[in-house]
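One structure is given below, encoded as structure tokens.
The chains referred to below are lettered A, B, ... by the order of the sequence lines, with proteins before strands, and numbering in each begins at 1.
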Protein chains: 2
Amino acid sequence: MATEPYTHLAYYERLVLQIKTRILQGIMQPGDKLPSVREMAKQEQLNPNTIAKAYKQLEADGVIYVEPGRGSFVAEPLKHANSTTVAAFRPKFDALVVEAQSLGIGLATLQAWLTEKEEHQR
Amino acid sequence: MATEPYTHLAYYERLVLQIKTRILQGIMQPGDKLPSVREMAKQEQLNPNTIAKAYKQLEADGVIYVEPGRGSFVAEPLKHANSTTVAAFRPKFDALVVEAQSLGIGLATLQAWLTEKEEHQR
DNA sequence: CTACGTGTACTATTATACACGGTACACATA
DNA sequence: TATGTGTACCGTGTATAATAGTACACGTAG
């Protein structure tokens with residue numbers, strides 16, 4: 001039971017995505033304390049190491065911060081990404097757009113999806 | 001020399017993306033014959049098995065077709081994706097959007113990137 | 001000070017995916 | 001018949017994911 005191709009996404013990646021989503025939705029507010037590595041491991045039925053990996057990733061992405069000995073907390077949302085971050089992200093976006101178009105999903109459809117999100121986010 | 005984290009993308013995935021891009025750009029036209037698995041392997045300095053994996057993926061995505069014993073050819077571009085294809089793709093898109101927003105890249109920026117592509121594509 | 005909870009850093013094992021080398025087969029064509 | 005085509009194997013080495021378990025440095029509450 002090492003790797004589960006449920007979603008073709010690793011457990012820790014799913015956790016990262018899940019937490020990021022909750023923060024964006026406002027379910028988790030800046031300053032909120034996250035469950036401890038060990039507690040989250042029980043909740044999610046995963047190994048503490050897997051949770052730690054997710055938390056480390058989240059900290060690297062700047063969405064949480066760690067106070068040694070106290071715990072992990074939701075960080076203030078970033079307003080503007082620096083150019084190196086954007087430069088690293090852009091290829092992933094371009095690749096997905098190519099993927100979409102090859103599948104017959106046009107740019108107009110992607111535009112519509114984004115617009116839909118903008119509306120749901122207010 | 002088994003895995004090369006150049007781009008954090010597998011060789012065969014890079015090939016798939018490269019060929020899809022060339023087709024979308026019109027560099028490769030429908031009906032054009034692709035280099036054989038063995039020839040492409042020499043060009044790209046890769047193992048024929050790796051090329052075969054890429055071709056198989058491209059065929060599964062419907063961007064090329066195979067005539068047994070003759071070779072692989074560029075397929076006609078898809079106009080509309082069926083609903084199952086869209087349903088499979090949508091989560092990837094949503095995940096990337098969440099990723100972007102967490103990095104401080106807003107929806108407006110993504111919209112702008114798409115608009116930019118629409119212009120360059122005419 | 002003591003005890004506890006916190007994130008983190010190790011070692012080790014198992015399973016999967018990627019890329020490689022090599023061989024073999026069924027097919028179409030010259 | 002001979003060649004080129006995609007494809008299907010077997011085996012090997014390596015990297016990554018997830019597991020289990022232990023240990024450490026830190027902050028806080030008793």
Side-chain angles (χ1 to χ4, degrees), chain A residues 1-20 23 28 31-75 92 95 99, chain B residues 1-20 23 28 31-75 92 95 99:
Chain A
M1 203 201 294
T3 312
E4 290 249 11
Y6 259 128
T7 37
H8 283 82
L9 217 57
Y11 283 143
Y12 85 96
E13 292 278 9
R14 286 208 287 163
L15 236 185
V16 166
L17 199 61
Q18 181 183 0
I19 293 176
K20 282 181 178 177
I23 294 175
M28 287 181 174
D32 283 0
K33 186 178 181 303
L34 279 79
S36 79
V37 165
R38 293 167 181 82
E39 186 181 350
M40 179 74 87
K42 284 185 183 175
Q43 286 181 24
E44 302 289 332
Q45 291 282 303
L46 293 177
N47 189 283
N49 286 332
T50 304
I51 312 295
K53 191 171 184 179
Y55 280 21
K56 202 183 165 199
Q57 175 72 46
L58 286 167
E59 194 191 13
D61 288 346
V63 303
I64 72 172
Y65 60 93
V66 174
E67 294 195 359
R70 293 196 61 241
S72 306
F73 304 86
V74 177
K92 297 182 193 174
E99 185 87 13
Chain B
M1 203 202 299
T3 312
E4 289 250 10
Y6 255 127
T7 35
H8 283 83
L9 217 58
Y11 283 143
Y12 85 96
E13 292 279 8
R14 286 208 286 163
L15 236 184
V16 167
L17 199 61
Q18 180 183 1
I19 293 175
K20 282 180 176 175
I23 293 175
M28 286 181 173
D32 284 357
K33 186 178 180 302
L34 279 77
S36 79
V37 165
R38 294 167 180 80
E39 186 181 349
M40 179 73 89
K42 285 184 183 175
Q43 286 181 24
E44 302 289 330
Q45 292 283 302
L46 293 176
N47 189 284
N49 285 332
T50 304
I51 310 296
K53 191 171 183 179
Y55 280 21
K56 201 183 166 199
Q57 175 71 47
L58 287 168
E59 193 190 16
D61 289 345
V63 304
I64 72 173
Y65 61 91
V66 174
E67 295 196 358
R70 292 196 62 243
S72 307
F73 304 86
V74 177
K92 298 183 194 174
E99 184 86 16

- Do B/Asp61 and B/Lys20 pass the side-chain contact (heavy atoms from CB on, under 4.5 Å) test, and can you show the C-alpha distance, the side-chain angles, and the key distance before you say yes or no? CA-CA 10 Å; B/Asp61 289 345; B/Lys20 282 180 176 175; 2.8 Å; yes
- Item | Test log, rule side-chain contact (heavy atoms from CB on, under 4.5 Å), inputs A/Val66 and A/Tyr55 | CA-CA 9 Å; A/Val66 174; A/Tyr55 280 21; over 6 Å; no
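Atom CG of A/Leu9 is separated from atom C1' of D/dT16 by 14 Å (rounded to the nearest Å). Atoms CD (B/Gln45) and C1' (C/dA19) sit 14 Å apart, rounded to a whole Å. Look at CZ on B/Phe73: it is 12 Å from C1' on D/dG4, rounded to the nearest Å. Atom C1' of nucleotide D/dT5 and atom OH of B/Tyr65 are separated by 14 Å, given to the nearest angstrom. Distance OH (B/Tyr11) to C1' (D/dG13): 15 Å, rounded to an integer number of Å. For the pair B/Lys53 NZ and C/dC20 C1', the computed distance is 12 Å after rounding to whole Å. Protein atom CG of B/Asn47 is 16 Å distant from nucleotide atom P of D/dA8, rounded to whole Å. Straight-line distance from the NZ atom of A/Lys42 to the P atom of D/dA20: 13 Å, rounded to whole Å.
Across B/Tyr11 and B/Thr50, no two heavy atoms sit closer than the pair CB-CG2, 4.1 Å.
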- Annotated protein contacts, base or backbone, on nucleotides 2-10 of chain C with a non-hydrogen cut-off under 4.0 Å, one of B, S, - each: ---BBBBBB
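Within 6.0 Å of the NZ atom in A/Lys42, the count of heavy atoms belonging to other residues, nucleotides or ligands does not exceed 12.
Contact check, A/Tyr12 against D/dA18: no side-chain N or O comes under 4.0 Å of OP1 or OP2. Phosphate proximity of D/dA17 to A/Thr50: absent, as no side-chain N or O sits under 4.0 Å from OP1 or OP2.
Applying the side-chain contact (heavy atoms from CB on, under 4.5 Å) test between B/Leu58 and each of B/Ile19, B/Ile23, B/Leu15 identifies B/Ile19 as the sole match.
Under the 3.5 Å distance criterion, the side-chain polar atoms of B/Asn47 are matched with a main-chain donor or acceptor of B/Asn49.
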